[in-house]
Amino acid sequence: TFNKLASILCKNGGVQDSERLLNKVLKRGVLPNLFTFNILIRGLCRKGLLDEATRMLDCVTKEGLTPDLVTFNTLIAGLCKNSKASEAEQYLHKMVNSGFEPDSFTYNTIIDGYCKIGLVENADKILNHAVFKGFVPDKFTYCSLIYGLCEAGDTDRAMDVLNEACKKGIQLSVILFNTLIRGLSQNGRIMDALQLMNEMQEKGCIPDIWTYNLILNGLCKMGCVSDAKTVMNDAISKGILPD
RNA sequence: GCUGCAGUUUAUUU
C-alpha cells in the first residue's frame, strides 16, 4: 500500500511528500523494500536531485537489499531525462560489472538519452553493441532514432529508419509516424509531412490528435494559416476534435 | 514453509 502511495506522490512531483510518508511508516515498523527505493529514486530524479538519487543506490545496499535491474534502469532513465546520458552509460557499465544483464529498457533508455541531446552517433554505438549482445531493436528504439536524426536535421535517414523498422517486422504505430511527421515539419518539409500523414493510413495507422496538432503547428509556423484551417476542418470531420 | 497475485524502470505535439 505504501509503495503505491509513494509512487503516486512521486509522479505528482512531490518526493518530499513521499519521504514524509516513508518516515511515518518507518516509525510504525513497516520496512521499505526494493520497490520502495526504486520509486524514491525515480521521484528524486524527476525533481532533478540526481546526487540524492545516486546516493539512494548506496542506501539500498546499507538496508541489506540488493539493487536489481529495475533499480539500475530507473536511475539510468532519471539521468537521461536530465540530459546526462553519458553518466547513465557509466551506470550501464557498473551494472554489467555487478553481474546484471542490461535489458531492452536499459538500452532503449540510453539510446533515447543520447538522441535527445543530439548525440545520435553515441546512440548508434550503444545500439551496435547491444545488437551484438543479442538485443533486437523495437518500436522504442526506432522512435528514439527517428527523433534524434530529425533533430540533427537528417530527415532522409530518419525516413530510412522508419522503412527499415517496417521491413524488420516492427508493427508501425501512430507514434512512429508522429515522430517522423514532427521531424519533417520542423525541418521545413511540411509537404512531406502531409504526404506521410496520408501514407500512414494505408499502413493502418489513423492520424490522432497529436498528428493533427503537429501538422497544424508546422503549417502555422510557415504562415499557411488557411491551409491549417482546412486540415483542422478535415480533422473535425473525422471526429478528431481540437484540444 | 509452499503456491499465487499486486505495487517500481524505456518512445511522439503545443
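Within every chain, numbering begins at 1; the chains are lettered A, B, ... in the order of the sequence lines, protein sequences first and strands thereafter. Since the structure is predicted, the reported quantities are computational estimates derived from the model, not experimental observations.
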Report yes or no: is the cationic atom of A:K139 (NZ for Lys, CZ for Arg) closer than 6.0 Å to the six-membered ring centre of A:Y142, at no more than 45° off its axis?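 Verdict for A:Y142: no cation-pi partner in A:K139.
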Round to a whole Å and report the spacing from [atom1] of [X] to [atom2] of [N].
X: A:R46; N: B:rU8; atom1: CZ; atom2: C1'; result: 13 Å
X: A:D112; N: B:rU10; atom1: CG; atom2: C1'; result: 7 Å
X: A:F35; N: B:rC5; atom1: CZ; atom2: P; result: 13 Å
X: A:M232; N: B:rU14; atom1: CE; atom2: C1'; result: 14 Å
X: A:L219; N: B:rU13; atom1: CG; atom2: P; result: 17 Å
X: A:N38; N: B:rU10; atom1: CG; atom2: C1'; result: 15 Å
X: A:I76; N: B:rU10; atom1: CD1; atom2: P; result: 12 Å
X: A:D138; N: B:rA11; atom1: CG; atom2: C1'; result: 9 Å

Give a yes or no on whether A:W210 and A:F140 share a hydrophobic cluster (residues Ile, Leu, Val, Met, Phe, Trp, Tyr; joining criterion: side-chain heavy atoms under 4.5 Å apart).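 Shared cluster, no.
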Hydrophobic clustering (ILVMFWY, side-chain heavy atoms < 4.5 Å, transitive) - are A:F35 and A:L65 grouped together?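 Different clusters: A:L65 never reaches A:F35 through Ile, Leu, Val, Met, Phe, Trp or Tyr contacts under 4.5 Å.
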Any [X] side-chain N or O less than 4.0 Å from OP1/OP2 of [N]:
X: A:K116; N: B:rU12; result: yes
X: A:R182; N: B:rU13; result: yes
X: A:K81; N: B:rU10; result: yes
X: A:R42; N: B:rU8; result: no

Which nucleotide wins on minimum distance to the side chain of [X], given the candidates [options]?
X: A:N178; options: B:rU12, B:rU9, B:rA11; answer: B:rU12
X: A:N108; options: B:rU13, B:rU10, B:rU12; answer: B:rU10
X: A:Y147; options: B:rU10, B:rU9, B:rU12; answer: B:rU12
X: A:Q186; options: B:rU12, B:rU14, B:rU9; answer: B:rU14
X: A:T74; options: B:rU10, B:rU9, B:rG7; answer: B:rU9

Assess whether a salt bridge exists between A:D112 and A:K116, defined as any Lys/Arg side-chain N lying under 4.0 Å from an Asp/Glu carboxylate O.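 Yes, this pair counts.
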NA contact type, A:D103, heavy-atom cut-off 4.0 Å: base, sugar-phosphate, or nothing?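 Nothing, no nucleic acid heavy atom in range.
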Centroid distance under 5.5 Å and plane angle under 30°, A:W210 vs B:rU12: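 Yes; centroid distance and tilt both under limits.
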Are the ring of A:Y142 and the base ring of B:rA11 both nearer than 5.5 Å at their centres and tilted by less than 30°?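 Given the distance and angle limits, no, they do not stack.
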Pair A:T61-A:D58, side-chain donor/acceptor within less than 3.5 Å: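 Short answer, no.
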